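Working notes, structure below.
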There are 2 protein chains.
Amino acid sequence: MTGKAFSIGEVSRATDVNIETIRYYERIGLMPAPDRTAGGNRQYSLEQKRQLSFIKRARNLGFSIDQIRSLLIMADENEMTCRQVSALTATHLADVQDKIKELKRLESKLQSLHQKCQSNNAPDCPMIEDLFG
Amino acid sequence: MTGKAFSIGEVSRATDVNIETIRYYERIGLMPAPDRTAGGNRQYSLEQKRQLSFIKRARNLGFSIDQIRSLLIMADENEMTCRQVSALTATHLADVQDKIKELKRLESKLQSLHQKCQSNNAPDCPMIEDLFG
DNA sequence: CTTGCATCTGTAGTTACTACAGATCGTAGA
DNA sequence: TCTACGATCTGTAGTAACTACAGATGCAAG
């Protein structure tokens, strides 16, 4: 009993992953090479569709492709993986928090520069002066 | 009276911009092609050094190369540019704020997933389950 | 059997650099 | 003046994660 097979377009719509991106994931080995029709079109199994949706969700959480590779391996094992997943998540969370910090630094600098710039009617721009040092 | 000339290494150390990056900026037209010694080594003028430091500061504020191209043009003109600079800064600031928002969304999702994962000793990982949907 | 949308492969472009390899330059010391 | 040897040179390729084609087929409905 072979399960239902899906075309790349169906899988794309179901997971909201671009067709080109799906093929890209296959090329880099993030997705397995699916079966093909006689004519050469890809035919995805339900499990493969599920894997793609896993990848999509993880991408939406900002995990990198390499991190997702690890997550997929962990998802396939049963020992110790929850701890490993937890560690990977913690690392990623820290990365995200670092980025937030950095962006907030930018935000406040930009805000103060912007304010100086707006309240100025002279020919010289304080923002530009600032950048020249 | 020709001003002092600087080697690429001196300029690199002075601005904290990688030598390869300086050549890259020249290749893409962000920096002008400097004079050369008889043997072909680059010789930067004080003004060119200043321009590179301008670029570096703007990059540190998160402006894109294309935005910096605009900023450099504006820095060279004298009409209306403060208003333009202000507009460009506002756009960039909005981008930064959008990114912060998105990262905060990620942060809170990751935090809640991480918590579930940590308080779990069962064989199945709630984080993985979650990603599979 | 034709029409026309869906897929196919393969390559190149995106952003902002970084990392070589292999050759030459420039300068301080002998 | 010759010789090291570090600094630069050019040119190309790699990074992350896609996206965008071109040109050729597949497939299903009428």
Side-chain angles (χ1 to χ4, degrees), chain A residues 4-31 33-44 48-49 52 54-72 91-92 95-96 99 102-103 106, chain B residues 4-31 33-44 48-49 52 54-72 91-92 95-96 99 102-103 106:
Chain A
K4 195 178 177 297
F6 308 89
S7 74
I8 197 167
E10 286 170 324
V11 172
S12 169
R13 280 186 295 281
T15 58
D16 196 28
V17 176
N18 207 314
I19 288 181
E20 321 260 29
T21 304
I22 298 174
R23 286 197 283 252
Y24 165 71
Y25 286 164
E26 183 182 330
R27 219 166 38 247
I28 64 170
L30 192 63
M31 280 291 289
D35 286 346
R36 300 289 183 126
T37 61
N41 281 17
R42 288 172 180 78
Q43 295 273 256
Y44 292 92
Q48 289 167 340
K49 202 176 81 174
L52 186 57
F54 179 102
I55 293 168
K56 174 67 173 184
R57 281 171 217 259
R59 285 297 295 137
N60 278 348
L61 288 172
F63 284 102
S64 73
I65 298 284
D66 268 357
Q67 287 174 324
I68 295 172
R69 261 183 236 281
S70 302
L71 284 173
L72 284 168
T91 300
H92 177 44
D95 284 352
V96 168
K99 276 187 198 157
E102 171 66 8
L103 287 173
L106 292 191
Chain B
K4 193 178 178 299
F6 307 89
S7 74
I8 197 168
E10 285 171 324
V11 173
S12 169
R13 279 186 296 278
T15 59
D16 197 26
V17 176
N18 205 314
I19 289 182
E20 320 260 30
T21 304
I22 298 174
R23 286 197 285 252
Y24 165 71
Y25 286 163
E26 183 182 330
R27 217 164 43 245
I28 64 170
L30 191 64
M31 279 292 289
D35 285 348
R36 300 288 183 126
T37 61
N41 282 16
R42 287 172 179 79
Q43 295 273 255
Y44 292 91
Q48 288 168 339
K49 201 176 81 170
L52 186 57
F54 179 101
I55 292 168
K56 173 69 174 183
R57 282 170 216 260
R59 285 296 294 138
N60 278 348
L61 288 172
F63 284 103
S64 73
I65 299 283
D66 268 357
Q67 286 174 324
I68 295 173
R69 261 184 235 281
S70 303
L71 285 172
L72 284 167
T91 299
H92 177 43
D95 285 351
V96 168
K99 277 186 197 158
E102 171 65 7
L103 285 173
L106 291 192

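Here the structure is a predicted model, which means the values were calculated and not measured. Residue numbering restarts at 1 for every chain, and letters A, B, ... go by the order of the sequence lines.
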**Message:** Students often get this wrong, so: under 4.0 angstrom with heavy atoms, is Phe63(B) touching a base, only sugar-phosphate, or nothing?
**Reply:** nothing
**Fill in**
On DNA chain D, more 5' by nearest nucleotide between Thr21(A) and Ala38(A) is Thr21(A)
**Request:** Verify side chain to side chain contact (heavy atoms under 4.5 Å, CB included) between Tyr44(A) and Ile22(A), making sure each step is shown before the conclusion.
**Result:** CA-CA 11 Å; Tyr44(A) 292 92; Ile22(A) 298 174; 3.3 Å; yes
How long is the line joining [atom1] of [X] and [atom2] of [N], in whole Å?
X: Arg59(B); N: dT15(C); atom1: CZ; atom2: P; answer: 12 Å
X: Leu30(A); N: dA17(D); atom1: CG; atom2: P; answer: 10 Å
X: Met31(B); N: dC17(C); atom1: CE; atom2: C1'; answer: 16 Å
X: Ile68(B); N: dT15(C); atom1: CD1; atom2: C1'; answer: 12 Å
X: Gln67(B); N: dT15(C); atom1: CD; atom2: P; answer: 12 Å

**Prompt:** Is it true that Arg23(A) and Glu26(A) have a side-chain N and a carboxylate O under 4.0 angstrom from each other?
**Reply:** no
Can you tell me if the side-chain N/O atoms of [X] get under 4.0 Å from OP1 or OP2 in [N]?
X: Asn18(B); N: dC17(C); result: no
X: Tyr25(A); N: dA17(D); result: no
X: Thr37(B); N: dC25(C); result: no

**Request:** Identify, with sequence neighbours excluded, every residue that meets side chain to side chain donor-acceptor pair (under 3.5 Å) alongside Asp16(A).
**Result:** none
**Asked** Looking at residues at least two apart in the chain, or sitting in another chain, which of them share a side chain to side chain donor-acceptor pair (under 3.5 Å) with Glu102(B)?
**Response** Arg105(B)
**Per-nucleotide protein contact string for nucleotides 2-16 of chain D, where B marks a base within reach and S marks sugar-phosphate only (heavy atoms under 4.0 Å, - for neither)** = ------SSB------
**Request:** With side chain to side chain contact (heavy atoms under 4.5 Å, CB included) as the test, would you mind laying out the steps for Arg36(B) and Gln43(B) before giving the verdict?
**Result:** CA-CA 5 Å; Arg36(B) 300 288 183 126; Gln43(B) 295 273 255; over 6 Å; no
**Complete:** Which of Leu71(A), Ile65(A), Leu72(A) passes side-chain contact (heavy atoms from CB on, under 4.5 Å) with Arg69(A)? Answer is Ile65(A)
